[in-house]
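Below: the structure, in structure tokens.
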Amino acid sequence: TKLVDLAAQSISSTKMRVVGRVLTIDNRPIAGLAVSIYSVGVAHFSRWSTVYTASDGRFTSTTNKVPVGSQIQVE
């Protein structure tokens with residue numbers, strides 16, 4: 001599988017949106033796949049959100065922003 005069109009966008013002072021698309025190696029969309037979004041920091045690693053891909057392989061998660069200084073990991 002491959003993750004394409006990945007973007008994280010700030011939509012307010014407290015909310016963010018993470019979007020992307022999951023495809024097979026031959027560019028076919030994968031529907032119904034769980035996509036986990038993690039908050040990763042120096043002293044923590046926690047699942048922040050889980051969403052599922054649509055029929056075209058796209059997903060969107062709108063959630064609270066991760067803590068300041070943290071990064072986002074998508075699997």
Side-chain angles (χ1 to χ4, degrees):
T1 60
K2 58 185 178 178
L3 178 60
V4 298
D5 302 331
L6 181 63
Q9 306 162 321
S10 176
I11 57 174
S12 76
S13 62
T14 60
K15 296 285 184 180
M16 68 176 183
R17 181 176 297 128
V18 179
V19 299
R21 190 171 188 204
V22 182
L23 304 172
T24 63
I25 294 300
D26 57 351
N27 294 322
R28 293 186 186 150
I30 300 174
L33 183 71
V35 176
S36 295
I37 298 157
Y38 294 90
S39 172
V40 181
V42 173
H44 75 279
F45 181 89
S46 60
R47 186 183 330 238
W48 205 250
S49 173
T50 299
V51 294
Y52 293 87
T53 56
S55 61
D56 63 357
R58 295 183 190 281
F59 65 89
T60 300
S61 175
T62 301
T63 186
N64 291 328
K65 287 184 175 178
V66 297
V68 173
S70 297
Q71 296 180 356
I72 299 166
Q73 179 174 318
V74 178
E75 294 182 349

Original post:
Can you tell me how far CG of Asn64 sits from OG of Ser39, rounded to the nearest 0.5 angstrom?
Top reply: 11.0 Å
**OP:** Report yes or no: do Val4 and Phe59 belong to one cluster of Ile/Leu/Val/Met/Phe/Trp/Tyr joined by side chain heavy-atom distances under 4.5 Å?
**Re:** no
**OP:** Report the C-alpha separation of Arg58 and Thr60 in whole Å, then their side-chain angles, then the decisive distance to 0.1 Å, and conclude whether the side chain to side chain contact (heavy atoms under 4.5 Å, CB included) test is met.
**Re:** CA-CA 7 Å; Arg58 295 183 190 281; Thr60 300; over 6 Å; no
Subject >> Between CG on residue Leu23 and CG on residue Asp56, distance to nearest 0.5 Å >> reply: 9.0 Å
Original post:
Applying the side-chain contact (heavy atoms from CB on, under 4.5 Å) test to Met16, which of Thr62, Ile11, Thr63 qualifies?
Top reply: Thr63
**OP:** Compare every heavy atom of Tyr38 with every heavy atom of Phe45, then report the nearest pair and how far apart it is.
**Re:** CE2-CD2, 3.6 Å
Original post:
How long is the gap from CH2 on Trp48 to OG on Ser70, to the nearest 0.5 Å?
Top reply: 7.5 Å
Subject >> Inter-residue atom distance Leu33.CG - Thr53.OG1, 0.5 Å rounding >> reply: 5.0 Å
Original post:
Between OG1 of Thr1 and CD1 of Ile25, what distance do you get to the nearest 0.5 Å?
Top reply: 6.5 Å
Original post:
If you round to the nearest 0.5 Å, how far is CZ of Arg17 from OG of Ser10?
Top reply: 10.5 Å
**OP:** Indicate yes or no: at least one non-hydrogen side-chain atom of Val35 is less than 4.5 angstrom from one of Val74.
**Re:** yes
**OP:** Identify which one of Val40, Val66, Ile37 satisfies the side-chain contact (heavy atoms from CB on, under 4.5 Å) criterion when paired with Gln73.
**Re:** Val40
Original post:
More than 12 non-hydrogen atoms from neighbouring residues, nucleotides or ligands closer than 6.0 Å to CD on Gln71, yes or no?
Top reply: no
Original post:
For Ser61 and Ser49, which heavy atoms make the closest approach, and how far apart are they?
Top reply: OG-OG, 2.7 Å
**OP:** Treat each ILVMFWY residue as a node, draw an edge where side-chain heavy atoms are under 4.5 Å apart, and state whether Leu3 and Val19 are in one component.
**Re:** no
**OP:** Evaluate the criterion side chain to side chain contact (heavy atoms under 4.5 Å, CB included) for residue pair Asn27 and Lys2; output intermediate values, then yes/no.
**Re:** CA-CA 8 Å; Asn27 294 322; Lys2 58 185 178 178; 2.5 Å; yes
